[in-house]
Amino acid sequence: MTETLQANLISLEEKLNEIDSQISKFKQISADEGIKLNEVVEILERRKLQLLDELDAWQKTLIARHKDRPLACDYINGIFTNFTPMCGDRHIMDDHAIVAGMAYLEGRPVVIVAQDKGRTTEEKVLRNFGMPHPEGYRKALRVMKFAEKFNRPIITFIDTPGAYPGIEAEERGQALAIAENLREMSQLAVPIIAVVIGEGGSGGALALSIADRILMLKYSIYSVISPEGCASILFRDAGKAPLAAAALKLTADDLYGFAIIDQIINEPAGGSHRDPKSTIENVKAALISNLDDLCRVDKNELLNGRYKKFRNMGVFCSFDN
Amino acid sequence: MTETLQANLISLEEKLNEIDSQISKFKQISADEGIKLNEVVEILERRKLQLLDELDAWQKTLIARHKDRPLACDYINGIFTNFTPMCGDRHIMDDHAIVAGMAYLEGRPVVIVAQDKGRTTEEKVLRNFGMPHPEGYRKALRVMKFAEKFNRPIITFIDTPGAYPGIEAEERGQALAIAENLREMSQLAVPIIAVVIGEGGSGGALALSIADRILMLKYSIYSVISPEGCASILFRDAGKAPLAAAALKLTADDLYGFAIIDQIINEPAGGSHRDPKSTIENVKAALISNLDDLCRVDKNELLNGRYKKFRNMGVFCSFDN
Amino acid sequence: MGWFSKLLVPDREKSKVPQGLWEKCPGCQRVIYKKDLEKNLWVCAQCGYHFKISARDRIDSLVEPGSFKEMNSNIGSLDPLEFTDTEKYCDRYKKARDKSKMNDACLTGTAMLGKNKAAIAVMDFFFMGGSMGAALGEKITLMTEFATENRLPLIIVSTSGGARMQEGIFSLMQMAKTSAALARHAKAGLMFISVLVDPTTGGVTASYSMLGDIIIAEPNALICFAGPRVIEQTIRQKLPEGFQRSEFLLKHGIIDMVVPRSEMHDKLEFILDFINSGERAVE
Amino acid sequence: MGWFSKLLVPDREKSKVPQGLWEKCPGCQRVIYKKDLEKNLWVCAQCGYHFKISARDRIDSLVEPGSFKEMNSNIGSLDPLEFTDTEKYCDRYKKARDKSKMNDACLTGTAMLGKNKAAIAVMDFFFMGGSMGAALGEKITLMTEFATENRLPLIIVSTSGGARMQEGIFSLMQMAKTSAALARHAKAGLMFISVLVDPTTGGVTASYSMLGDIIIAEPNALICFAGPRVIEQTIRQKLPEGFQRSEFLLKHGIIDMVVPRSEMHDKLEFILDFINSGERAVE
Ligand SMILES: [Zn+2]
Ligand SMILES: [Zn+2]
């Protein structure tokens with residue numbers, strides 16, 4: 001089913017590619033023949049942007065999950081220097097769905113905690129498609145407490161379909177592991193920045209997102225449930241995922257409008273996979289400026305600010321019964 | 001092999017039983033016939049004490065492991081009221097080798113953490129013969145941190161051949177779990193009393209014994225390694241366990257002499273299994289008096305005292321090289 | 001999260017076969033006189049099956065009679081997403097309010113257990129499957145903050161199908177909000193007892209429900225993050241018997257104790273006594 | 001604990017088959033010119049086998065040349081149990097001292113790694129199998145306390161057959177003593193890096209070795225609480241391939257990284273730089 005729904009994105013990509021090739025063809029002609037075709041090129045560029053403006057929530061969902069979309073490790077390699085992984089939850093296993101360690105951001109020592117889905121089939125299996133087990137959350141928490149002890153800011157990269165739903169995960173306290181991360185992150189006395197780079201899947205994403213700043217790539221999503229899950233439960237038809245995607249208001253624009261996130265990081269037309277390098281540069285710039293802001297804030301103010309930030313999330317009313 | 005070595009204890013017990021039955025026979029005669037046999041009884045009583053005075057380290061080891069020796073649960077039931085178990089390490093399992101929970105000691109709310117070997121075959125299997133897995137130590141630590149949070153003193157009962165040596169135990173960080181307990185217990189800001197009631201086996205026992213007061217039953221043992229293990233390594237013959245037991249200086253008397261433990265709690269002649277009730281009363285009295293002492297101590301003093309206590313353990317010298 | 005609101009229709013409604021005065025026990029299939037059930041706190045005397053009960057009935061069974069003082073009762077959810085599936089969320093919500101005479105899926109307030117005053121929040125599965133929206137999150141948070149400010153122990157009885165999907169990201173963020181409030185409560189050295197009843201799933205499980213100093217479950221309650229059907233779909237395997245039930249969680253070290261409904265009040269009172277009683281050992 | 005001192009005779013002695021200038025590699029059985037081995041930090045260039053090395057050689061490989069300032073070198077053990085097995089402990093101990101020109105199984109002091117001053121303790125397996133007695137415990141504790149007082153990061157390189165049984169209960173108590181000292185060091189917000197080399201077992205593993213903020217192992221080091229033979233005897237089963245080796249522990253989440261000897265200095269320097277560099281983010 002997802003495949004038929006994917007057709008949607010493929011046809012978009014085809015159109016974009018077609019326009020792109022036309023643009024370069026006309027540019028070529030323009031150069032070779034000395035004819036001014038600027039107007040044609042402009043029209044095509046405008047058509048392209050129009051197509052992208054019209055992207056609906058479901059198309060953005062597909063872009064957020066695009067197989068060529070840059071993954072956490074691409075950002076880590078592209079943005080930081082001397083990344084040195086730290087492994088293990090000190091109990092059961094090193095969960096490869098979580099990548100964590102020390103690194104420098106333009107000379108600033110920071111601690112990174114990231115979800116990575118894996119690129120190749122092998123990597124995907126190793127990283128369990130970016131779905132952490134409880135041990136992944138405990139590894140993340142251990143490394144974040146390390147960051148707190150040594151007063152290093154924390155940067156998290158969010159990209160997960162959700163916490164892994166499996167027998168062992170339930171047996172070993174998946175819910176508890178997530179809950180503890182939520183509680184502990186709210187009290188970590190160092191700046192925390194979370195960047196949603198792809199799929200922000202439910203509690204499994206939230207468990208690394210109790211941050212002072214939440215940034216989102218333009219075509220990433222962040223949601224209480226996957227559109228497919230929502231469709232099958234509330235719409236009683238998993239095929240209605242596009243409808244559910246729209247209803248859930250899970251795009252960066254939506255969430256920025258709700259003041260749930262703090263900043264949208266720009267992506268190239270059509271998605272970051274069409275130009276990873278520029279996206280990585282955008283993320284880097286956003287990280288630096290946010291980090292520099294946060295590092296100026298005193299510790300108590302930081303913690304109070306973080307508390308208030310999440311304290312104020314939620315829209316409710318008062319009835320006169 | 002242990003069986004032939006056990007014969008030692010069995011013959012002692014037979015002798016004791018014989019003397020006891022003679023004593024009661026003479027007492028009976030004395031009562032029935034109105035004949036004064038006090039002198040005979042006295043001689044027998046003296047012979048009995050003499051036999052017990054002569055108990056060597058190995059015999060004490062056998063008593064410490066005696067199948068009828070009261071177990072932690074016997075002390076818990078006999079000493080405390082309203083014992084309410086707390087279960088689980090909040091991750092993997094509830095390790096039944098560790099019994100932990102809330103209770104009252106003559107009206108004083110206390111937290112108990114104990115090793116219990118199990119009495120029946122079923123219980124022994126359930127409790128893994130008193131050999132905790134890493135999860136047992138983590139359960140213990142969780143409950144002890146609970147005690148600290150709510151300012152309740154901790155009483156531990158030590159009775160284990162040692163931490164379980166198994167594949168899963170090693171995989172899940174047995175060494176790490178013990179080490180963390182050692183570190184964390186040294187900092188718990190509530191009074192801690194440890195009572196060695198049977199076998200204090202190595203690191204597995206130490207992991208619950210970082211206490212302000214360490215009490216030992218008269219015929220319990222506490223050692224860096226089992227006599228059998230020591231014999232097979234250093235004496236190259238596991239049969240030399242009695243020799244190793246003596247060499248290791250593992251009896252309550254030895255350890256009191258070394259100032260490793262703070263108090264010896266008396267047991268009836270021949271061991272607590274010959275009169276569990278009186279032993280339980282002795283333990284209760286010792287707990288109350290030590291607890292009352294410790295509760296008068298200010299928190300910093302308590303922690304500094306605990307630190308110094310262990311800091312000073314170890315005999316070394318300075319060479320002039 | 002949220003997978004459950006479809007799967008779990010409240011039992012009492014489902015089993016309303018013998019209308020009126022009688023109720024069929026889903027545990028042993030016996031038909032039971034309703035008044036007897038009520039007297040027995042809605043626990044089957046034959047098989048021990050724990051029926052789902054409303055938040056009000058639960059409070060009656062837990063605290064000293066008449067001691068519950070409700071707070072923040074008028075807080076309700078809005079519809080920030082203007083969400084519509086097969087029905088408009090605002091309509092669905094209004095129906096739930098009308099039917100339940102509650103404004104959302106929990107009651108909060110203070111109450112006495114023996115001599116101990118406690119802050120208490122009790123969820124209601126009959127209100128939209130105990131799903132967590134902004135109103136529920138706000139009420140739990142307010143009660144937690146009240147407990148912190150007034151140095152009170154906190155008891156939360158959870159039962160939930162998970163997130164209230166119709167509130168989208170706002171629903172998800174209640175996990176963060178409640179957990180942060182509990183962090184402050186814990187840091188103040190105060191006691192939080194989490195009581196889990198059938199079913200407790202999804203986002204509620206993955207936030208406040210699992211953060212108790214003591215975690216207690218009613219017998220045989222389903223307690224999970226991902227529901228059994230989701231897991232079955234993922235791993236394409238039959239799940240083991242008793243999987244994700246209270247006793248299973250006890251064995252796996254996740255919860256402290258399984259306590260039947262009839263003993264819950266006494267157990268809670270014992271714990272509060274234990275924490276409050278006497279002078280503290282070291283000050 | 002302690003099970004190992006019998007089982008593990010230092011490899012270099014065992015494999016002294018080609019006397020003098022040559023050494024046989026226990027990894028690939030090749031015979032290697034000793035000078036080459038030494039140049040390569042006693043790592044086989046063919047198969048990467050890490051030979052055991054003395055504490056002095058280890059320090060040379062780890063810290064800036066000439067920067068190591070030894071402390072407490074004259075501390076040695078006594079014989080409080082007057083222990084005798086097949087030999088008197090005091091005689092055995094004297095032989096070890098004479099042979100090693102050390103007073104016990106570790107060297108402690110301060111040293112530089114790049115621009116970072118650190119307290120450092122390095123164990124020596126050649127001294128009675130790196131067993132932990134009162135002298136070793138005292139030296140580790142003194143070094144830890146020195147680091148705490150002087151706000152220095154601490155590096156401990158562990159290798160040990162376990163407890164020094166001949167010191168009985170005093171040996172066991174070194175676990176408590178060192179761990180308590182590390183608790184204070186950690187509480188002061190200071191960094192402890194634990195480096196584990198082949199073999200690290202028993203009481204040393206179950207105390208300071210496992211308490212690092214970062215735990216690093218050399219490749220293929222045996223790291224365990226209970227030794228393989230003890231476990232085999234207990235469970236009467238063959239152990240899995242690679243069980244209790246560095247890579248196994250990495251996979252099981254117990255250690256942070258496996259670092260070959262040739263890169264150890266740089267890795268340690270990186271970590272110390274990371275902790276010390278720049279201004280701290282929030283003060
Ligand atoms: Zn029934
Ligand atoms: Zn080799």
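All values below come from the heavy atoms of this structure, side chains included, with hydrogens, waters and symmetry mates left out.
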Novice: With side chains defined as the heavy atoms from C-beta onward, is the minimum distance between B:Cys230 and B:Phe235 less than 4.5 Å?
Specialist: yes
Novice: Would you say the side chain of D:Leu154 lies within less than 4.5 Å of the side chain of D:Thr144, judging by non-hydrogen atoms?
Specialist: yes
Novice: Do D:Leu142 and D:Met71 come close enough that some side-chain heavy atom pair is under 4.5 Å?
Specialist: no
Novice: Where does D:Lys251 contact chain B at under 4.5 Å (heavy atoms): side chain, backbone, both or neither?
Specialist: neither
Novice: When you check the gap from the basic side-chain N to the acidic O, do D:Arg229 and D:Glu232 get nearer than 4.0 Å?
Specialist: no
Novice: Any carboxylate oxygen within less than 4.0 angstrom of a Lys/Arg side-chain nitrogen, looking at B:Lys117 and B:Glu199?
Specialist: yes
Novice: For B:Leu248, is it the side chain, the backbone, both, or neither that has a heavy atom closer than 4.5 Å to a heavy atom of chain D?
Specialist: both
Novice: Please give me the minimum heavy-atom distance between D:Thr159 and D:Pro199, naming the atom from each residue.
Specialist: OG1-O, 2.9 Å
Novice: Return yes if a side-chain donor-acceptor contact under 3.5 Å exists between D:Gln174 and D:Ser207, otherwise no.
Specialist: no
Novice: Would you mind checking if B:Arg138 and B:Asp95 are paired as a salt bridge, meaning a charged N to carboxylate O distance below 4.0 Å?
Specialist: no
Novice: Hey, which of D:His252, D:Met173, D:Arg184, D:Glu145 has the most heavy atom pairs under 4.5 Å with chain B?
Specialist: D:Arg184
Novice: Tell me, for D:Ile235 versus chain B, whether the close heavy atoms (under 4.5 Å) come from the side chain, the backbone, both or neither.
Specialist: side chain
Novice: Just wondering, more than 12 heavy atoms not from D:Glu82 lying within 6.0 Å of its CD?
Specialist: no
Novice: In Å and rounded to the nearest 0.5 Å, what is the CD1 to CG distance from D:Ile254 to D:Leu196?
Specialist: 11.0 Å
Novice: Name the member of B:Gly200, B:Cys317, B:Ala247 that forms the most heavy-atom pairs with chain D at distances under 4.5 Å.
Specialist: B:Cys317
Novice: Compare all side-chain heavy atoms of B:His133 with those of B:Asn128 and state whether any distance is below 4.5 angstrom.
Specialist: yes
Novice: Using a 4.5 Å cut-off on heavy atoms from C-beta on, say whether the side chain of D:Met123 contacts that of D:Ser160.
Specialist: yes
Novice: Dump the intermediate steps for salt bridge (Lys or Arg N to Asp or Glu O under 4.0 Å) on D:Lys187 and B:Glu184, then the final yes or no.
Specialist: CA-CA 11 Å; D:Lys187 220 180 167 188; B:Glu184 298 305 312; over 6 Å; no
Novice: Are side-chain heavy atoms of D:Ser77 and D:Met128 found at a separation under 4.5 Å?
Specialist: no
Novice: Is any residue of residues 171-181 of chain B within less than 4.5 Å of chain D by heavy atoms, and which ones?
Specialist: B:Glu171, B:Arg172, B:Gly173, B:Gln174, B:Ala175, B:Leu176, B:Ile178, B:Ala179, B:Glu180
Novice: Counting a contact as any heavy-atom pair under 4.5 Å apart, which residues of residues 84-94 of chain D contact chain B?
Specialist: D:Thr84, D:Asp85, D:Thr86, D:Tyr93
Novice: Going by heavy atoms in the side chains, are B:Leu302 and B:Pro191 under 4.5 Å from each other?
Specialist: yes
Novice: Taking only heavy atoms into account, what residues of residues 212-223 of chain B are found under 4.5 Å from chain D?
Specialist: B:Tyr222, B:Ser223
Novice: Less than 3.5 Å apart, any donor N or O on the side chain of D:Asp124 or D:Ser54 sitting next to an acceptor on the other?
Specialist: no
Novice: Whether D:Lys177 and D:Glu138 form a salt bridge (side-chain N of Lys/Arg under 4.0 Å from carboxylate O of Asp/Glu) is what I want to check.
Specialist: yes
Novice: Between D:Asp104 and D:Arg164, does at least one N-O distance fall below 4.0 Å, as a salt bridge requires?
Specialist: yes
Novice: Does a side-chain heavy-atom distance below 4.5 Å link D:Val197 with D:Val157?
Specialist: yes
Novice: Can a donor-acceptor pair be found, under 3.5 Å and without considering hydrogens, that links the side chain of D:Ser194 to the backbone of D:Ser209?
Specialist: yes
Novice: If you check every heavy atom in residues 258-265 of chain B against those of chain D, which residues fall under 4.5 Å?
Specialist: B:Phe258, B:Ile260
Novice: Taking every non-hydrogen pair under 4.5 Å, which of D:Gly137, D:Ala176, D:Gly133, D:Gly253 racks up the most with chain B?
Specialist: D:Ala176
Novice: Chain B: which of D:Ile215, D:Thr234, D:Leu81, D:Asn72 shares the most heavy-atom pairs with it under 4.5 Å?
Specialist: D:Leu81
Novice: Just give me the residue among B:Gly314, B:Ala205, B:Pro165, B:Ser209 that pairs up with chain D most often, heavy atom to heavy atom, under 4.5 Å.
Specialist: B:Pro165
